[in-house]
Amino acid sequence: MAHDVKSQLTALLQQALASVAPTATDTPIHLERPRDPTHGDFATNLAMQLAKALKKNPREIASQLLAELPVSLLVARAEIAGAGFINFTLDPRAKVDVVGAVLVDGGNFGRSQLGAGHKVQVEFVSANPTGPLHVGHGRGAAYGASLSSLLAFAGWDVTREYYVNDAGRQMDILGLSTWLRYLDQHGVSVPFPPNAYQGGYVRDMAQQMTVAHAAKYVRAAEAVLAGTPGLPEADRADDEAKQQRELHLDALIARAKELLGPDWDYVHQHALNEQLADCRDDLEQFGVHFDVWFSEKALYDTGLVARCVVLLEEKGHIYLQNGAKWFRSTAFGDEKDRVVQRENGLYTYFASDIAYHLNKFERGFDKVINIWGADHHGYIPRVSGAVKALDLDAGKLQVALVQFAVLYRNGQKASMSTRSGEFVTLRELRGEVGNDACRFFYALRKSDQHLDFDLDLAKSQTNENPVYYIQYAHARICSVLAQWGGDLATLADADLALLSNPRELAIANKLAEFRDVIENAARDLAPHLIAFYLKDLAGEFHGWYNAERMLVDDAALRDARVALAAAVRQVIRNGLAILGVSCPESM
RNA sequence: GCGCCCGUAGCUCAGUUGGAUAGAGUGCUACCCUCCGAAGGUAGAAGUCGCACGUUCGAAUCGUGUCGGGCGCGCCA
């Protein structure tokens with residue numbers, strides 16, 4: 001473990017601590033990398049933390065710690081600075097050792113055992129399959145996929161899951177919308193409700209129905225409209241008109257089910273299958289893969305939803321009011337109680353979500369991460385409340401909120417309403433800016449931060465686009481290695497001690513930091529840290545590249561520098577792989 | 001009205017679980033290829049970390065209040 005400098009330093013400090021402050025040996029030892037290089041390679045505030053317990057001046061404690069610090073070849077210099085920091089300057093030899101470690105570990109460099117093989121489920125996207133994914137879903141997809149890769153790299157056993165809302169009213173509306181377009185294509189004129197799905201893809205699905213089954217599902221307009229309340233004037237936006245539109249829509253759905261009978265299932269299923277396939281295809285192309293596509297409908301079919309409500313009843317968390325069954329979520333921190341079964345006997349979405357979470361826990365995950373749009377934050381207390389009510393460990397449940405991505409085109413906000421059909425789809429976005437820039441742009445923001453996605457900027461192939469900066473470093477290194485022409489395996493024998501100028505040592509430090517970045521990012525569910533790290537690393541490399549020549553005549557020095565470059569390339573690859581961004585060898 | 005998130009350089013954003021003189025990109029200014037890829041580099045200007053108290057050796061970070069922005073408060077999903 002000669003390469004793990006940080007833990008060795010920690011061990012040294014532990015020994016010093018034991019003799020200086022035997023009563024406070026449990027003081028956490030915090031080593032940080034100072035941003036100011038004159039402060040050395042590592043610094044600890046241990047002395048300051050001990051000041052209170054020992055009732056002594058921090059600088060005095062620091063000097064005692066230094067006196068008791070075991071001698072080590074790693075440390076070139078250890079000194080007291082500022083209010084009581086202990087700054088460590090590493091022996092250059094110890095710094096550059098990491099280069100060898102990177103080359104030996106390859107794609108595994110930076111891999112951590114933080115997760116210790118524990119099972120974690122990451123559920124993300126989970127968009128209603130009622131239309132194409134838009135740029136907001138794209139962000140959740142990019143975040144979830146990067147986070148999953150990150151957790152896997154940090155030692156977790158990750159299951160990536162998409163929850164398919166195939167059981168609700170929205171799916172009925174989609175089926176109805178498709179059917180109405182189909183009728184229209186067969187000359188049956190039923191006014192298309194403004195609150196049905198307007199997108200062109202609905203007409204496409206209707207067309208497919210005709211191709212496959214001709215006029216099999218045609219019914220008369222009078223029959224379709226029989227008993228429906230009708231639509232209010234199109235320009236009315238008052239509550240009454242809105243309500244009437246909803247009632248009309250529900251009545252049409254009821255008519256459709258009645259008139260089509262078993263054929264309704266076909267229409268419904270056809271629309272679902274098409275949208276889900278489209279969604280899956282879109283995500284696959286985006287480099288976002290799922291291990292499980294979990295059906296909400298299955299929760300009903302297997303009786304788990306009903307079982308869940310019974311379970312809550314048995315535990316005394318359900319009461320009846322106005323004919324509906326209410327879950328007493330206020331007993332678990334929610335601001336009001338919630339209905340799980342309506343007066344009409346139908347379960348609410350919340351009920352199936354409780355069942356879904358019960359199912360998640362029954363599958364034995366050590367951690368369950370839900371990635372939700374930030375607009376769902378008010379939903380957290382009731383879900384975690386339900387988890388607690390079922391006597392499950394709510395501490396295993398973690399909800400990561402993703403703020404909206406607002407797309408700007410020509411400096412103007414682009415609309416994202418699915419119903420109106422004016423949204424910008426993820427597919428369009430990918431087509432315009434490319435998958436790499438798309439994934440990276442999404443990853444470049446903390447997930448809970450609003451994201452202004454500047455389409456024009458992401459599209460620009462020139463210089464402003466940060467993803468190219470990193471890929472360019474990678475391509476440059478590939479080019480150098482090609483010109484060097486040697487066998488990469490021989491680099492392990494390079495005399496790394498020849499790497500001695502400040503830029504080279506700084507890069508070595510940066511490479512060593514990758515492990516910390518992985519662990520911190522995994523702990524905070526923050527893959528964006530990797531994007532920022534890679535930008536820094538690429539920056540240091542570019543600076544070095546411009547200042548020094550790698551392919552020099554001195555073979556030993558040349559090999560050492562090529563080894564460093566190869567190590568940088570490896571870490572860029574490992575990092576970009578987590579972010580789902582490709583590493584072209586030339587661009 | 002109540003709850004959650006966010007206010008850091010002109011703009012877009014980081015900030016290593018409370019550390020040292022607050023950073024990067026972009027934009028602006030001035031430079032650097034006869035040389036491994038200029039999609040690059042070097043240097044400069046740019047800040048009351050929204051505001052006010054408080055906690056302590058020490059606050060952009062923690063607490064309270066306040067102003068500003070976003071989102072959520074259904075027998076919808």
Side-chain angles (χ1 to χ4, degrees), chain A residues 28 30-36 38-39 43-45 48-49 51-52 57-58 81-85 87 128 130 165 167-171 173 246 296 321-326 335-336 338-350 352-353 373-381 401 403-404 406 444-446 448-452 454 457 460-469 471-473 475-484 513 516-517 519-521 523-524 528-529 531-533 535-536 538-539 541-552 558 561-562 565 586-587:
Chain A
H30 189 57
L31 277 167
E32 61 172 16
R33 300 172 195 273
R35 22 174 174 258
D36 185 342
T38 66
H39 293 148
T44 183
N45 61 352
M48 289 180 276
Q49 287 185 305
K52 196 167 225 172
N57 181 317
F85 290 98
N87 292 342
N128 283 347
T130 53
N165 294 118
R169 176 168 180 258
Q170 296 306 319
M171 278 311 304
I173 297 174
E246 297 305 316
E296 179 190 8
Q321 187 180 311
N322 300 333
K325 285 184 184 174
W326 295 70
E335 54 189 16
K336 56 176 289 193
R338 311 288 174 177
V339 170
V340 290
Q341 191 173 14
R342 292 174 222 153
E343 192 180 359
N344 62 12
L346 293 177
Y347 292 103
T348 61
Y349 173 84
F350 179 43
S352 56
D353 225 11
D375 55 333
H376 283 63
H377 69 79
Y379 202 70
I380 298 172
L401 296 177
Q403 289 286 352
F404 288 128
V406 181
L444 206 47
R445 294 285 175 275
K446 216 160 39 175
D448 59 1
Q449 193 76 246
H450 285 95
L451 168 60
D452 289 339
D454 185 339
L457 180 69
S460 76
Q461 289 257 331
T462 49
N463 52 357
E464 298 167 348
N465 205 329
V467 66
Y468 291 118
Y469 186 74
Q471 289 182 321
Y472 183 59
R476 258 186 165 172
I477 296 169
C478 288
S479 177
V480 171
L481 290 179
Q483 286 173 57
W484 171 66
E513 199 183 324
D516 297 340
V517 171
E519 297 201 344
N520 287 335
R523 200 169 5 239
D524 293 348
H528 76 278
L529 294 175
F532 281 92
Y533 167 82
K535 269 171 69 179
D536 285 350
F541 171 76
H542 285 309
W544 178 51
Y545 180 92
N546 276 57
E548 305 286 343
R549 215 183 145 70
M550 280 165 247
L551 301 180
V552 293
R558 181 195 64 206
R561 288 183 172 171
V562 168
S586 65
M587 7 189 341

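Naming: A, B, ... by sequence-line order, numbering from 1 per chain. Heavy-atom basis, side chains included; hydrogens, waters and symmetry copies ignored.
At the heavy-atom level, A/Ala482 lies nowhere under 4.0 Å from the strands shown. Among the protein residues, A/Ala51 comes within range of no part of the nucleic acid, since none of its heavy atoms lies under 4.0 Å from any strand. Using a 4.0 Å heavy-atom criterion, one finds that A/Glu343 contacts the bases of the nucleic acid, with or without backbone contacts as well. A/Asp454 comes within 4.0 angstrom of no nucleic acid atom, judged by non-hydrogen atoms across all strands. Base contact: A/Ala43 has a heavy atom under 4.0 Å from a base atom. A/Leu529 comes within contact range of the sugar-phosphate backbone alone, with a heavy-atom separation under 4.0 Å but no base atom that close. Using a 4.0 Å heavy-atom cutoff across all strands shown, A/Gln49 reaches no nucleic acid atom at all. Within the nucleic acid shown, A/Lys325 has no heavy atom closer than 4.0 Å to any nucleic acid atom. Counting any heavy atom pair closer than 4.0 Å across all strands shown, A/Phe532 reaches sugar-phosphate atoms only and no base atom. Residue contacts shown for A/Ala473 are absent, as no nucleic acid heavy atom lies under 4.0 Å away. Looking at heavy-atom distances under 4.0 Å, A/His528 makes contact with sugar-phosphate atoms alone, never a base. Using a 4.0 Å heavy-atom distance criterion, A/His542 is classed as a sugar-phosphate-only contact. Residue contacts for A/Glu519: at a heavy-atom cut-off of 4.0 Å it reaches no nucleic acid atom on any strand shown.
Using a 4.5 Å cut-off on side-chain heavy atoms (C-beta onward), A/Met550 and A/Trp544 make contact.
Side chain A/Asp375 to base B/rG72: no donor-acceptor pair is found below 3.5 Å. Residue-to-nucleotide contacts include a donor-acceptor pair under 3.5 Å from the side chain of A/Asn87 to the base of B/rA20.
A/Lys446 has a side-chain polar atom (N or O) that falls below the 4.0 Å cut-off from OP1 or OP2 of B/rG15. A close approach under 4.0 Å does not occur between any side-chain nitrogen or oxygen of A/Arg561 and OP1 or OP2 of B/rC36. Contact annotation: A/Gln449 side-chain N/O to B/rA14 OP1/OP2 distance is under 4.0 Å. Put simply, A/Arg476 has a side-chain N or O that comes within less than 4.0 Å of OP1 or OP2 on B/rA38. The side chain of A/His377 places no N or O atom within less than 4.0 Å of a non-bridging phosphate oxygen (OP1 or OP2) of B/rC6. When the side-chain nitrogen and oxygen atoms of A/Tyr469 are compared with OP1 and OP2 of B/rA38, none of them lie within a distance under 4.0 Å. For B/rA20, neither phosphate oxygen OP1 nor OP2 lies less than 4.0 angstrom from any side-chain nitrogen or oxygen of A/Arg33.
Take the nearest nucleotide of RNA chain B for A/Gln403 and for A/Arg549: the residue whose nucleotide is more 5' is A/Gln403. Looking at which nucleotide of RNA chain B each of A/Tyr545 and A/Asp452 is closest to, the 5′-most match is held by A/Asp452.
Glycosidic torsion of B/rU16 falls outside 90° of 0, placing the base in anti. Base orientation at B/rC33 is syn, since its O4'-C1' glycosidic dihedral falls within 90° of 0.
A salt bridge does not link A/Glu343 with A/Lys325: every distance from a Lys NZ or Arg NE/NH1/NH2 to an Asp or Glu carboxylate oxygen is 4.0 Å or more. Between A/Asp452 and A/Arg445 there is no salt bridge, since no side-chain nitrogen of the basic residue lies less than 4.0 Å from a carboxylate oxygen of the acidic one.
A stacking contact between A/Tyr472 and B/rG40 is absent: the pair does not combine a ring-centre distance of less than 5.5 Å to the base's six-membered ring with planes differing by less than 30°.
Using cut-offs of 30° and 60° on the angle between ring planes, the pair A/Tyr349 and A/Tyr379 is tilted.
Side chains of A/Glu296 and A/Ser352: a donor on one and an acceptor on the other come within 3.5 Å. Side-chain atoms of A/Thr38 and A/Asp36 include a donor-acceptor pair closer than 3.5 Å.
Cation-pi geometry between A/Arg476 and A/Tyr545 is met: the NZ or CZ atom falls under 6.0 Å from the ring centre, inside 45° of the normal.
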